Amino acid sequence: MNKKKKSESIFIRELCRDLNTLKSLPFKKKIRFLWDYYKWPAIAGIFILITVCTFAHMFYEGQKPCRLRVCVVLNTDDNCSPWFKTFTQDLCSDGKPGAVDVNLDQPFDYDNMYYYVQEVEVMTTISSGRMDMAVCGPDMYSYLLALNACLPLDQGLTGDLASSLLAEGKLVYDTANLTQDKNGNVNPADGIDGYYAVDLSETEFYDLYNQTAMEETPEPLYAVIISNTEHLADCESLLKALIRK
């Protein structure tokens with residue numbers, strides 16, 4: 001107990017000494033004094049404040065009602081925000097509460113040396129329930145397959161939507177759940193076959209936002225519903241809008 005009081009009194013004396021020193025210095029030297037003696041506590045405090053604010057913002061956003069969360073990773077640099085703005089207005093015209101969150105800023109490119117960071121970002125978003133649907137190219141689609149994060153559309157879609165897409169040849173048959181072990185090997189027996197994506201070629205959205213240079217062959221563009229979505233009806237509404245010709 002005495003040791004605690006003694007340490008407290010030493011701290012108070014040092015603090016009073018620093019305050020007295022600070023008062024006697026001109027303004028510029030005060031800034032220098034504070035930086036020299038308190039920069040690391042200040043940096044630590046700022047880092048903690050930013051971290052707390054970030055998590056508080058994430059928690060606040062997670063509590064807000066949201067009808068649909070979409071991640072869009074195009075094969076081109078085109079800006080599809082006008083299209084999604086129109087879709088959002090049409091979807092919300094029914095008067096139901098909740099917003100539509102469209103993430104247009106998530107990169108995903110296996111040619112990027114930091115692709116593993118992009119994988120972690122996508123995996124975290126899915127596991128936290130902040131992605132209902134993805135519109136993406138081959139790289140992200142293959143990663144979603146490996147995570148087994150894609151809803152089997154022939155089983156998950158309601159009504160006649162799945163059968164009509166299947167008849168049009170729009171459903172993409174693929175194998176999910178194929179991941180590498182620590183030695184880099186893949187066991188085909190772990191694979192789960194199914195229809196996991198919708199091919200968006202020959203659609204209005206594809207023609208608007210997946211055009212490349214004339215000498216290049218456009219990469220495929222897919223629509224994927226995430227298996228843990230709680231907003232299947234709104235996912236289907238977006239899917240119907242995306243496949244419009």
Side-chain angles (χ1 to χ4, degrees), residues 44 46-77 79-81 84 87-88 98-153 156 172 174-184 186-187 190-192 194 196-198 200 209 219-236 238-239 242:
I46 292 172
F47 176 78
I48 292 172
L49 180 63
I50 292 174
T51 302
V52 170
C53 290
T54 299
F55 278 99
H57 177 72
M58 291 174 60
F59 178 79
Y60 173 74
E61 290 295 326
Q63 299 305 307
K64 291 169 62 177
C66 189
R67 292 185 61 170
L68 193 60
R69 293 183 171 92
V70 189
C71 182
V72 183
V73 183
L74 298 177
N75 298 319
T76 66
D77 295 328
N79 181 9
C80 60
S81 56
F84 276 96
F87 166 75
T88 300
V100 176
D101 178 23
V102 182
N103 179 9
L104 302 173
D105 300 321
Q106 173 62 60
F108 202 98
D109 184 2
Y110 279 132
D111 292 331
N112 188 302
M113 62 183 298
Y114 299 110
Y115 73 87
Y116 56 90
V117 177
Q118 299 169 2
E119 287 186 340
V120 171
E121 290 173 346
V122 170
M123 181 174 62
T124 303
T125 303
I126 291 173
S127 61
S128 61
R130 291 184 289 115
M131 187 189 303
D132 297 303
M133 197 165 171
V135 178
C136 59
D139 285 353
M140 185 169 171
Y141 173 53
S142 64
Y143 181 63
L144 294 175
L145 282 174
L147 288 179
N148 197 21
C150 308
L151 179 74
L153 299 179
V172 180
D174 228 314
T175 303
N177 205 45
L178 291 179
T179 56
Q180 295 182 349
D181 59 21
K182 60 182 180 180
N183 298 317
V186 176
N187 185 2
D190 294 334
I192 306 173
Y196 294 110
V198 174
L200 296 180
Y209 301 110
E219 288 188 322
L221 195 62
Y222 303 104
V224 177
I225 297 177
I226 306 302
S227 56
N228 64 352
T229 181
E230 297 179 356
H231 308 105
L232 183 57
D234 290 326
C235 286
E236 291 184 350
L238 175 55
L239 189 57
L242 286 168

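Just so you know, residue 1 is the first one in the sequence shown, and it goes up from there. Given the structure is predicted, the values throughout are model-derived calculations rather than measurements.
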Heavy-atom closest contact ([X] atom, [Y] atom, distance):
X: H231; Y: C66; value: NE2-O, 3.1 Å
X: C71; Y: Q106; value: SG-CB, 3.8 Å
X: E219; Y: P138; value: OE1-CD, 4.0 Å
X: C150; Y: L145; value: SG-N, 4.0 Å
X: N148; Y: A176; value: OD1-CB, 3.6 Å
X: E119; Y: Y143; value: O-OH, 3.1 Å

Item to check | With L68, the side-chain contact (heavy atoms from CB on, under 4.5 Å) member among V102, T88, T229, L238 | outcome: L238

Checklist entry - In a check of side-chain contact (heavy atoms from CB on, under 4.5 Å) between I192 and each of L178, T175, N177, which one passes? => result N177

Checklist entry - Does the side-chain contact (heavy atoms from CB on, under 4.5 Å) test come out yes or no for R130 and D101, once each step is laid out? => result CA-CA 9 Å; R130 291 184 289 115; D101 178 23; over 6 Å; no

Between [atom1] on residue [X] and [atom2] on residue [Y], distance to nearest 0.5 Å:
X: M123; Y: S128; atom1: CE; atom2: OG; result: 11.0 Å
X: Y209; Y: S81; atom1: OH; atom2: OG; result: 7.5 Å
X: R69; Y: C235; atom1: CZ; atom2: SG; result: 11.5 Å
X: T124; Y: M131; atom1: OG1; atom2: CE; result: 10.0 Å
X: D132; Y: N228; atom1: CG; atom2: CG; result: 8.0 Å
X: L151; Y: L232; atom1: CG; atom2: CG; result: 6.5 Å

Checklist entry - Checking side-chain contact (heavy atoms from CB on, under 4.5 Å) for the pair F84/V100: CA distance, chi angles, key distance, verdict? => result CA-CA 9 Å; F84 276 96; V100 176; 5.8 Å; no

Item to check | Evaluation steps, side-chain contact (heavy atoms from CB on, under 4.5 Å), between I126 and L144 | outcome: CA-CA 10 Å; I126 291 173; L144 294 175; 3.4 Å; yes

Next on the checklist: Set out, in order, the CA-CA distance, both residues' side-chain angles and the distance that settles side-chain contact (heavy atoms from CB on, under 4.5 Å) for V172 and Y141, then state yes or no.
Outcome noted: CA-CA 11 Å; V172 180; Y141 173 53; 3.9 Å; yes

How about [X] and [Y]: do any of their side-chain heavy atoms sit closer than 4.5 Å?
X: V73; Y: P107; value: no
X: L239; Y: M133; value: yes
X: S142; Y: Y110; value: yes

